[in-house]
There are 2 protein chains.
Amino acid sequence: MDLRRLRYFVAVAEARSIGKAAERLRMAQPPLSVQIRKLEAEIGAPLFRRGTRGMDLTEAGQALLSRASEALALAVDGAEAARAVAAGKRGRLSVGYMFVLANAILPRLIPELRRSVPGVDLEFAELSASTREARVLDRSVTVALCMPAINHPEIQVARIGAQRFMLAMPTSSPLARLGSVPMARLHGRPLIALPHPDHGPASSAVVPLLRRHQVVMPIASRVETVHSAMSLVLAGEGLAILPACAQLGAPRGIVFRPLRDATDSLDIAVCWRRDSQSPLIGTFIKCAEKAVARM
Amino acid sequence: MDLRRLRYFVAVAEARSIGKAAERLRMAQPPLSVQIRKLEAEIGAPLFRRGTRGMDLTEAGQALLSRASEALALAVDGAEAARAVAAGKRGRLSVGYMFVLANAILPRLIPELRRSVPGVDLEFAELSASTREARVLDRSVTVALCMPAINHPEIQVARIGAQRFMLAMPTSSPLARLGSVPMARLHGRPLIALPHPDHGPASSAVVPLLRRHQVVMPIASRVETVHSAMSLVLAGEGLAILPACAQLGAPRGIVFRPLRDATDSLDIAVCWRRDSQSPLIGTFIKCAEKAVARM
DNA sequence: GTCAACCCATATATTTTCGGTATGCCAATG
DNA sequence: CATTGGCATACCGAAAATATATGGGTTGAC
């Protein structure tokens, strides 16, 4: 059962004549006649009544015609759909994001995306620091908005911005009265530590910063998320050194201050599987850059 | 866009491997690999991710897969439907019938048909004497139940029974007191005449019968249908000589009596276009014969 | 680390199938 | 009776599909 034969069959049925159909198909009449007879042999029954004034569908032919047309349309549609997906005009884009970035980026990113790729189904999913790598690798998200970038040989990264570290403390803290806090003033104070994803759960993202300034902060607690860190800060357990955008999700009672003489920052990056040839990734990066630029 | 390629594509997508799919398709692996690449070239985008452990659909491939499967199923289904119609297992059978025969035949014929060809859509349509030939020729009915048979070179006929002529008269008629009516007693009485379809509208179906018995009946009225004839008989306009089965549709006040010494009858026949190769016609004739036999 | 196994891609030869040209057959028409 | 219109058949050349043989890359085992 060949699709070409079905196409020929439909053409002959519509033209009610082999000669006319051959003309429309830009081919000679005899080969078309042969193909029709082969189709009839394959079906095992005549599909046309041959009259002296042309061809006319038999009832068996009518039964075939409707389905053959549908099958043709589906095949064409399938090819077009595949092309559209490959061109990034349709398809699905699953966006993973870390929650710290949600308030800062998503409100600008989502409208931008809907405008840029209107035919695409968008999906958003929050990523935790511990699972983000796996979610990219198993393709359950197409791209991930991360801070910092994922470090993995199979995962490609595009840096789209950075966030300075700031000191987060209770409003009541004496340091809150300063416009910016000198690093030296942190010495000896308890730290709420977030692990750096590349250095294992017992690490902290700010170890290099503290070491460079020869500041020692005893670790009061280790937490997984920026929001947990802020909760503990509010509870008076210690101070936290967090990326600036965390302010947007900070509860009342917490203030952020810049660190004097410290320009360290965390990269904001788009991360995706190196072998994911989705054409949507390029567009996504552009949108994300725009969103970050207006932050 | 070739259906074979789509079939190969679906096989590879399901097997997630060219080698496995080739085995299932009973072919060698290299040509299948070539066909898949040709399909990808035709679409203009990769449909599979080639991994070291086999093949995996890309999103474009997924978009194609669903429609390709549907198209394949439709093509197969179309071929099967055409075969089923050609074999008389499905399809449509449009039955035309003349109204005189309705009461006598349809109640037995219809259940018989539904039992014999359960997959077939049945359609019933009343035929008038003046249009029945055209309705058969233009295929608006597949078969026609006629009395008498249609006489036309393009129309084939199967005689399935006959109906004796009887005299129809008002209950009040003096002839009604006889068990059967001698032909001679009709002489001079007014006749309600039905035209014989083969001899034009000015004819009568009973001309030969009357002539053979040297009976002359003045024609009081010419009508098109048996029912009109009976109405006029009831109104006292004259007598009618009608096929026996007309009794079944006769109104109160009309009686039928056999004609003594006259065995003339009208054939009941199934008529269809000579070139209509519908396999349902044979079955229909058998059913109609059964129905007539139990009349 | 080497070797074997697995899987897909490429190359070449053979076979199948398709499409074109020339021609025949049949029926309808004038 | 010849002509026209339409489909079928015959034959040939071209294109495409399939098979066999082979290469290259990666995985996993010893």
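The sequence lines fix the lettering, A, B, ..., with proteins before strands; numbering per chain opens at 1. This is a predicted model, so every value here is computed, not measured.
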Asker: Take atom CZ of A/Arg90 as the centre, draw a 6.0 Å sphere, and report whether it contains more than 12 heavy atoms from other residues, nucleotides or ligands.
Answerer: no
Asker: So if I define the base as every atom that isn't primed, P, OP1 or OP2, how would nucleotides 8-20 of chain D read as a B/S/- string at a heavy-atom cutoff under 4.0 Å?
Answerer: BB-------SBBB
Asker: Which residue pairs satisfy the side chain to side chain donor-acceptor pair (under 3.5 Å) criterion with at least one member in residues 57-75 of chain A, sequence neighbours excluded?
Answerer: A/Arg67-B/Asp77
Asker: Have a look at B/Gly54 and say if it touches a base, only the backbone sugar-phosphate, or nothing, with a 4.0 Å heavy-atom cut-off.
Answerer: sugar-phosphate
Asker: From CZ of A/Arg16 over to P of D/dC7, roughly how many Å is that when rounded to an integer?
Answerer: 12 Å
Asker: What are the two closest heavy atoms between A/Pro148 and A/His196, and how far apart are they?
Answerer: CG-NE2, 3.9 Å
Asker: Can you see if the side chain of A/Lys20 gets near the phosphate of D/dG5 - specifically, an N or O under 4.0 Å from OP1 or OP2?
Answerer: no
Asker: Kindly write out the residues that satisfy side-chain contact (heavy atoms from CB on, under 4.5 Å) with A/Arg16, not counting sequence neighbours, or none if the list is empty.
Answerer: A/Asp56
Asker: With the criterion being N/O to N/O and under 3.5 Å, what pairs connect the protein with nucleotides 26-30 of chain D, and how long is each?
Answerer:
| unit_1 | atom_1 | unit_2 | atom_2 | d |
| --- | --- | --- | --- | --- |
| D/dT27 | O3' | B/Arg53 | NH2 | 3.4 |

Asker: Would you mind listing every side chain to side chain donor-acceptor pair (under 3.5 Å) that reaches into residues 137-154 of chain A, with sequence neighbours excluded?
Answerer: A/Arg135-A/Ser140, A/Asp138-A/Ser140, A/Arg139-A/Asp275
Asker: Counting only pairs under 3.5 Å, give me each side-chain donor-acceptor contact of residues 40-48 of chain A, with atom names and distances, residues two or more places apart or in other chains.
Answerer:
| unit_1 | atom_1 | unit_2 | atom_2 | d |
| --- | --- | --- | --- | --- |
| A/Glu40 | OE1 | A/Arg50 | NH1 | 3.1 |
| A/Glu40 | OE1 | A/Arg50 | NH2 | 2.9 |
| A/Glu40 | OE2 | A/Leu47 | N | 2.8 |
| A/Glu40 | OE2 | A/Phe48 | N | 3.3 |
| A/Glu40 | OE2 | A/Arg50 | NH1 | 2.7 |
| A/Glu42 | OE1 | A/Arg5 | NH1 | 3.3 |
| A/Glu42 | OE2 | A/Met1 | N | 2.7 |

Asker: In whole angstrom, what separates A/Leu47's CG from D/dC7's P?
Answerer: 15 Å
Asker: Do you see a donor-acceptor pair shorter than 3.5 Å between the side chains of A/Gln35 and A/Arg4?
Answerer: no
Asker: Rounded to whole angstrom units, what separation is found between the CD atom of A/Glu42 and the P atom of C/dT17?
Answerer: 11 Å
Asker: Answer with yes or no whether the side chains of A/Ser128 and A/Ser130 bring together a donor and an acceptor at under 3.5 Å.
Answerer: yes
